[in-house]
2 protein chains.
Amino acid sequence: MKQAHHPELDEISLTAVMAALSDPIRVGLVRLLADGREHGWGELRAPVAKSTLSHHLRVLRDAGITRTRQEGTRCFVVLRRDDLETRFPGLLVAVLAAAECDGVGGQVGLAAHAE
Amino acid sequence: MKQAHHPELDEISLTAVMAALSDPIRVGLVRLLADGREHGWGELRAPVAKSTLSHHLRVLRDAGITRTRQEGTRCFVVLRRDDLETRFPGLLVAVLAAAECDGVGGQVGLAAHAE
DNA sequence: CCAGTTGTTCGATGTTCGTCAAACTACGAA
DNA sequence: TTCGTAGTTTGACGAACATCGAACAACTGG
């Protein structure tokens, strides 16, 4: 499990961000992460196989939307809210609001237990 | 040339909009249309075949981002700015600003002549 | 009616994407 | 070391996509 690459601020491309946010599951994940807290992989509940979830998390990470941290065998993911805001002001907020309004990503949830 | 279908306000889905805006050429087209004016098909200059351009214009139309009007053999396209603003407030503005900032879609231009 | 202009539609092709199962890696506990 | 947990990588598959050239349809002008 090598440490993953995270794009720098100026390496974040708009089309990559848009493409990453054009999948309902990934939008759902971003909505969960929008609380600003760090979430464990195991908390995330999505109707896909774990390899698929890993794939989605990778797409989000590669697009510069999230940051992944490892701690032992667990890994934690957090939204790069400030970075996104710096790079593309207002974009994330607008997408988040639009997702609420549209109900996209409702299929994604959090496990019952608290962190 | 049958009249194309345009989605109603509440038929516009976020993922469709995001997917449509994840292609540099389509972002470039939207940037051109951001002046609010109606543009003729023939004005649009993009480094793709005309069938491909037609395809992109259709994706934008199907996503509810643009509206196409026919007049004889010509057709004109305009941004559905107000509709988008109503459905997803702030989204289009943020994407447009981000596109400026990122320089996406610079390959798309307008023909020299005025309308 | 015939030819030119304008844009759409139709295969065809190569690429990317979402998805899964299975194999793999890394760490912690017994 | 051996087992189990946590997450990644790989390989495969069908679906969707971007792209093109060519055929087609609709209108306009001789």
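Letters A, B, ... are given to chains in the order of the sequence lines, protein chains preceding strands, and every chain is numbered from 1.
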ask   = Would A/V59 end up clustered with A/V48 when hydrophobic side chains under 4.5 Å apart are linked, directly or stepwise?
value = no
query = In whole Å, what is the span from the CZ atom of A/R74 to the P atom of D/dA6?
reply = 6 Å
Residue list, salt bridge (charged side-chain N to carboxylate O under 4.0 Å, His left out) with B/D82, at least two apart or on another chain = none
ask   = For DNA chain D, what residues of residues 45-65 of chain A have any heavy atom nearer than 4.0 Å?
value = A/K50, A/S51, A/S54, A/R58
remark   = Those residues at least two apart in sequence (or on a different chain) that pass side chain to side chain contact (heavy atoms under 4.5 Å, CB included) with B/R67 are B/H6, B/V78, B/R80, B/D83
query = Between C/dT5 and B/W41, is there an OP1 or OP2 to side-chain N/O distance shorter than 4.0 Å?
reply = no
query = What is the distance from CZ of B/F76 to C1' of C/dT6, rounded to the nearest Å?
reply = 11 Å
ask   = Got a sec? Which of residues 21-33 of chain A come in under 4.0 Å of DNA chain D, heavy atoms?
value = none
For a quick test of your reading: what N or O donor-acceptor pairs under 3.5 Å do the side chains of residues 19-30 of chain A make, sequence neighbours left out?
from: A/S22; atom 1: OG; to: A/A19; atom 2: O; distance (Å): 2.7
from: A/D23; atom 1: OD1; to: A/I25; atom 2: N; distance (Å): 2.9
from: A/D23; atom 1: OD1; to: A/R26; atom 2: N; distance (Å): 3.4
from: A/R26; atom 1: NE; to: A/A20; atom 2: O; distance (Å): 2.6
from: A/R26; atom 1: NH1; to: A/H56; atom 2: ND1; distance (Å): 3.1
from: A/R26; atom 1: NH2; to: A/A19; atom 2: O; distance (Å): 3.4

key: For atom CD of A/E71 and atom P of C/dA26, their distance in whole Å   = 18 Å
task = Round to the nearest Å and state the distance from B/H39 atom NE2 to C/dG7 atom P.
result = 14 Å
May I have the list of side-chain donor-acceptor pairs in residues 89-98 of chain A shorter than 3.5 Å, sequence neighbours left out?
none

query = Starting at CD of B/E43 and ending at P of C/dT6, how long is that distance when rounded to a whole Å?
reply = 13 Å
Review item, side-chain donor-acceptor pairs of residues 7-18 of chain B, under 3.5 Å, at least two apart:
from: B/E11; atom 1: OE1; to: B/E8; atom 2: N; distance (Å): 2.7
from: B/S13; atom 1: OG; to: B/T15; atom 2: OG1; distance (Å): 3.4
from: B/S13; atom 1: OG; to: B/A16; atom 2: N; distance (Å): 3.1

request  = Sequence neighbours left out, what pairs pass side-chain hydrogen bond (donor to acceptor under 3.5 Å, both in side chains) with at least one residue falling in residues 45-54 of chain A?
outcome  = none
task = Keeping to residues at least two apart or across chains, list the salt bridge (charged side-chain N to carboxylate O under 4.0 Å, His left out) pairs with something in residues 85-95 of chain A.
result = A/R87-B/D102
